[in-house]
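All ligand and atom numbering here is 1-based and tracks the order in the structure. Keep in mind that the numbers below use all heavy atoms, side chains included, and drop hydrogens, waters and symmetry copies.
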Amino acid sequence: MSAEKFSTIILAAGKGTRMNSSLPKVLHRVGGKTMLQHVIDAANGAGAKNNVVVVGFGREKVEQAVGDSVRIVVQEEQLGTGHAVRQAEPMIDKNDTVMVLCGDTPLLTAKILRNFYEMHQKEEAQASVLTAVMPDPTGYGRIIRTFGGEFKKIVEHKDASIAEKAVTEVNTGIYCFNAGELFAALCKVGHDNAQGEYYLPDVLEIIHAEGKKVTAVAAESYKATLGINSREQLSQAEKILHQRKNRQLMADGVTIMDPDTTYVDSDVKIGRDTIIYPSTWIEGDSVVGAECEIGPCSRFCDTSIGSGSVISFTYAHQCEIGADVTMGPYVHLRPNTKIADRAHIGNFVEVKNSNIGEGTKLPHLSYIGDSDIGTGVNMGCGCITVNYDGKKKYRTTIEDNAFVGCNSNLVAPVKVGKGSYIGAGSTITKDVPEGELAVGRARQTNIAKWRDKRE
Ligand code: UD1
Ligand code: CA
């Protein structure tokens, strides 16, 4: 594949009026990433070496979202798809095969694009268009063929005659071109049409009229090429992506007890023989190991979970959870928390910006913030790290094998030494040396015959 000169031009300059949004259409998220990113990922997966994104409306936001992963050209005024593609000319080598894509088709797969690219090469065509048969072709450009079934031209819905409107084979907006032929033909495209725009599909007719080979290849199913124009269509795409992901996970050996209520983003990885219970969301860059039990009623964002962990009723974001960890119910892990292997985090525990060592137990009702806890530590019920004095936050260190009695407050900055003990109900404000017992609470006094004296 290294010898291939395969570029893409991805059109993303439009506003997307029907989204009724201040965000450019291509930046709306579906399946855990922007529509545009889905298209870029599919292009890369298909083997594209050079992706050029044409931006216009909300260009700063689009540029920021894609970063350095693609090259950007600006279309100052949106004068049509043909005009948009022309803006990319300086970035494309004349000898490239260039695929044109739209940034609002998040259901595309690398496989569909690769097959289309290979078909274009095999046919030795100068231009190819991917078509689809739509149950309702309203709004799309129609593929007009000769009696012999050869490609003739594309007619936009607004320019189509009644007979042409009856055609159900449509232009998906995905094309492959010999780059030299594309840009030569683009110079000849006019804007004498219903919308007064420079139409990209007109280049196919121009190339064809010059006696060069143009092919129109039908996609297996229209679904993967659907363009998203409204929030309603966005929700339909979300559903299709989520069902597709669940099917793939199940084929890969993951048990999903209720696919209707399990939402796994497109890029999430899950190991074999993991079981996902209902009402669970696994989002963003999350990774789950093998043989875990996850959920029910849990949500993980950008969180990794090692193999063999059992986690229920938990919300974790931007965390690392080790292997064979047991967690829940009702746990909240906040960003920058690392839970080492075999740790146990039990009912009603919140952990933030902390490292929890191997085999350490936080079984009940605790708040742990800005803390470094070693291995084999036991925190009794209701322990709290007091990390905030109203102005600044401080860290708490608890070394290996310490035993912290129930309902203790550790007022940071403070260090609890290796193998030391803290009496239940203590408020610890001074460091505890290794192996010592700290008791920081009022000594109990019993007053004899209290009841008798009161009477
Ligand atoms: C286009 C095709 C139509 C096809 C349909 C498939 C044209 C003239 N028509 O119609 O044949 O069936 O896609 O979805 O191409 N864009 C720019 N700059 C512009 C205009 C558009 O970047 O000046 C971008 C838009 O942001 C969008 C894409 O190009 O991502 C398609 O434009 P849109 O206006 O949605 O074209 P359609 O009317 O859907
Ligand atoms: Ca469109």
Answer side chain, backbone, both or neither: which part of [X] comes under 4.0 Å from ligand 1, heavy atoms only.
X	answer
H83	neither
A13	both
Q75	side chain
L79	backbone
T172	backbone

Ion pair present between [X] and [Y], side-chain N to carboxylate O less than 4.0 angstrom?
X	Y	result
E150	R145	no
R334	E350	yes
D93	K5	yes

Using a strict cut-off of 4.0 Å, indicate which atoms of ligand 1 neighbour a heavy atom of [X].
X	answer
Q78	18 (N), 19 (C), 23 (O)
G141	3 (C), 4 (C), 11 (O), 12 (O)
L11	22 (O), 24 (C), 29 (O), 30 (O)
T81	7 (C), 8 (C), 15 (O), 20 (C), 21 (C), 29 (O), 31 (C), 32 (O)

If you measure from each heavy atom of G227 to ligand 1, is any distance below 4.0 Å?
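For ligand 1, residue contact (heavy atoms, under 4.0 Å) with G227 is absent.
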Say whether, by atom type as modelled, one donor and one acceptor occur between the side chain of S309 and the main chain of D324 under 3.5 angstrom.
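Yes, S309 side chain to D324 backbone: donor-acceptor pair under 3.5 Å.
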Is any side-chain heavy atom of [Y] closer than 4.5 Å to one of [X]?
X	Y	result
T34	H38	no
H208	K153	no
C301	R299	yes

For atom 20 (C) of ligand 1, the option (of G14, P137, G80, A84) bearing the nearest heavy atom:
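It is G80 that holds the nearest heavy atom.
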Among N229, L200, N171, V170, which residue places a heavy atom closest to atom 12 (O) of ligand 1?
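When every heavy atom of N229, L200, N171, V170 is considered, N171 comes closest to atom 12 (O) of ligand 1.
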Does ligand 1 come near enough to [X] that some N or O of the ligand is less than 3.5 Å from an N or O of the residue?
X	answer
Y175	no
D104	no
I154	no
Y140	no

Could you give me the CA-CA distance, side-chain angles and deciding distance for K25 and K15, then say whether side chain to side chain contact (heavy atoms under 4.5 Å, CB included) is met?
CA-CA 6 Å; K25 176 165 79 172; K15 181 166 181 230; over 6 Å; no
Under 30°, 30 to 60°, or over 60°: which ring-plane class applies to H317 and H332, parallel, tilted or perpendicular?
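Answer is parallel, since the angle falls under 30°.
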Hey, which of K213, K212, K188 is the one that makes salt bridge (charged side-chain N to carboxylate O under 4.0 Å, His left out) with E181?
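By the salt bridge (charged side-chain N to carboxylate O under 4.0 Å, His left out) criterion, E181 pairs with just one of K213, K212, K188: K212.
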